[in-house]
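Notes follow the structure.
The first residue in the sequence is number 1, and the count goes up from there. Because the structure is predicted, anything quoted here is derived from the model rather than measured.
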Amino acid sequence: MSPTRSRSTAIATTFLPLLLAVPTAAAAQQVAPPEAQAWIDVATFSGMGMPMGGMSAMGGLGGMFGGKGAGGGNSFGNTRAMSAGRWVDVTVRARANPNLDTAQQAVPEGFLRPGLELRTPKNAPPAPVRDDEDIKQEDPERPKGRMLLYWGCGPSVRAGQPRVLDMATAAPADFGKFFVARSATQRGAHSAIGRPSWPNPDDSRMVPETASLQGEHAFSGKGIPAAFRFNIPAAQDLMPPIKLDQAARDGATELKWNAIATARAYFVSAMGSNEKEDMVMWTSSELADTGFGLMDYQTNAAVDRWLKEKVLLTPQTTTCAVPKGIFGENGGMLRVIAYGDELNLAHPPRPKDPKAKWEPVWAVKLRVKSVTNGILGMSEEGRPGRSGSAREQGEAHGQRRQTSDESSGELKLEKPLELLKGIFGR
């Protein structure tokens, strides 16, 4: 699938979430928007270089004792922030009350007690005002340097690789060919006026380490139907963290991770530089893909399609080798994602008769993922990856140099990230 088609599909499906799970033959059926809609995003983050969040002892204890308020330390959007921990973002809307300000979500005892208090964001900043006459227009400087793309698990670089982009001479068509980025990410939990969300300043409890979403949930509030009740099964519960192990083998890096029972697929990517200071990208896909669009929630249909195309790794796969000779002394940032099963519920269910109008009372979209982050060749504890000899282990450590920001705990790579900023003009 081309990048253009992927982006067009993602945009179109953002506004038609309820139609994705139905056959094409039923597309002509008359469908009314649900009276109430909820979005729930669930994420587990782990690995090196991540600021600690939901897995902290204080956060877990605060949640178990039911404490609320700013002391909890939780905030909306952590399912996208990559802070280590377990996170849940929730938002709901009611068609009969577009200015819905507050709502409640009853949750199972194994999650939090009492239930969740949803609040519409207050004092949202106004849209920035720009006066174009005050902006000095200048011709942008063309970025310099090369980008190299590798793909596929294995000890050796495959024939025909890497794909190379010389930014000093590349034509627009060359950029389009290089930046293949599959994505079917739709809108999930999002904070907006008239859409109360959790967590918020009034209820900022952390998600306890032992919390479970499995069981019955219910939304209530002005304009929300009383029948808005549903069950979250075990398949959509919070996923365990990915525990990544690395080992050096004849110059290649062997990756191994724990099997996650509810994972629908896996994907691995790394980004860094080589000794020539080229920006280097590698992904576990059998087809060329930068991976920029895949480190996020994806629809079930897209995951199944990309499994068949071998863009994603099967749920039975727990190993992958990064080929020898790709990255140099500057090392590489490594990420692994496990996709959970997306849950789309609606009540009443769609009528089987295509001529019958479907008027759902409520609908829920729930997305699940687990992501780990690290340094290629380094264990999660910060030690060099295991190897068959002391020499290999020393070389693996020497080839992964990085600087750290001690105030944030985040690891940074100097050359490749600066190059990436130049490409995207940031």
Side-chain angles (χ1 to χ4, degrees), residues 12-42 79 88-112 114-118 120 184 186-192 194-198 212-238 262 264 297 299-301 303-304 340-368:
T13 54
T14 297
F15 301 101
L16 299 172
L18 292 176
L19 302 182
L20 292 172
V22 302
T24 305
Q29 187 176 37
Q30 190 175 1
V31 179
E35 295 179 28
Q37 168 85 51
W39 293 265
I40 303 174
D41 284 348
V42 181
T79 58
V88 176
D89 287 333
V90 183
T91 188
V92 66
R93 71 176 179 187
R95 190 150 53 99
N97 184 9
N99 295 315
L100 182 64
D101 186 55
T102 64
Q104 295 75 42
Q105 182 182 354
V107 296
E109 291 186 6
F111 189 63
L112 284 173
L116 311 184
E117 297 290 338
L118 282 67
T120 292
Q186 299 179 346
R187 168 170 284 187
H190 51 289
S191 183
R195 301 187 180 186
S197 58
W198 184 90
S212 172
L213 288 167
Q214 185 176 357
E216 186 174 88
H217 295 248
F219 284 99
S220 59
K222 188 176 181 180
I224 297 177
F228 201 159
R229 310 182 72 88
F230 59 97
N231 274 277
I232 294 180
Q236 279 77 33
D237 205 352
L238 287 145
T262 55
R264 198 180 186 101
Y297 304 101
T299 66
N300 292 342
V303 169
D304 291 345
D341 276 321
E342 182 177 280
L343 180 67
N344 291 282
L345 299 174
H347 177 79
R350 177 185 290 271
K352 294 182 179 180
D353 182 359
K355 297 180 180 179
K357 184 178 180 180
W358 185 26
E359 300 179 285
V361 175
W362 56 259
V364 175
K365 176 182 282 294
L366 185 151
R367 310 184 299 176
V368 194

Any side-chain heavy-atom pair from W39 and V92 closer than 4.5 angstrom?
no
State the CH2-CD distance between W198 and E117, to the nearest 0.5 angstrom.
11.5 Å
Do V31 and R350 have side chains that get closer than 4.5 Å, going by heavy atoms?
yes
Are the side chain of Q104 and the backbone N or O of A218 linked by a donor-acceptor pair below 3.5 Å?
no
Between R195 and H190, is any side-chain donor less than 3.5 angstrom from a side-chain acceptor?
yes
Of all heavy-atom pairs linking W358 and P348, the shortest is NE1-O, 2.8 Å
Side chain to side chain, V90 and L118, heavy atoms closer than 4.5 Å
yes
So, for V368 and Q236, which heavy atoms are closest and what is the spacing to 0.1 Å?
CG2-O, 3.7 Å
Looking only at heavy atoms, what is the nearest atom pair of T91 and A189, with distance?
CG2-CA, 3.7 Å
Any chance you could measure E35, atom CD, to E359, atom CD, to the nearest 0.5 Å?
8.5 Å
Examine distances only and state if a side-chain atom of N300 and a backbone atom of D341 form a donor-acceptor pair shorter than 3.5 Å.
no
P354 and Q29 have their tightest heavy-atom pair at O-CG, 3.4 Å
Quick check for you: to the nearest 0.5 Å, what is the distance between D237 atom CG and T262 atom OG1?
8.0 Å
Minimum heavy-atom separation for P360 to A346, with atom names?
CB-CB, 4.5 Å
Hey, mind stepping through V364 and H217 against side chain to side chain contact (heavy atoms under 4.5 Å, CB included) and telling me if it holds?
CA-CA 11 Å; V364 175; H217 295 248; over 6 Å; no
Can you tell me how the ring of F228 sits relative to the ring of W362, calling it parallel under 30°, perpendicular over 60° and tilted otherwise?
parallel
Please examine the side chains of P108 and Q214, heavy atoms only from C-beta on, and report whether any two atoms are closer than 4.5 Å.
no
Ionic contact status for D41 with K365, cut-off 4.0 Å:
no
Should L213 and V107 count as side-chain neighbours, where that means a heavy-atom distance under 4.5 Å?
no
With a 4.5 Å cut-off on side-chain heavy atoms, are F111 and E109 touching?
no
For S191 and S197, the nearest pair of non-hydrogen atoms, with its separation, is OG-OG, 3.8 Å
Do the side chain of Y297 and the main chain of L366 share a donor and acceptor less than 3.5 angstrom apart?
no
Contact between L343 and R367 at the side-chain level, heavy atoms closer than 4.5 Å - yes or no?
no
Under 3.5 Å: donor-acceptor pair, side chain of T120, backbone of L100
yes
Test item: Q105 and I40 side chains (from C-beta on) under 4.5 Å apart, heavy atoms:
yes
Sort and list the pairs that fulfil salt bridge (Lys or Arg N to Asp or Glu O under 4.0 Å) and have at least one residue in residues 91-101, not counting sequence neighbours.
D101-K122
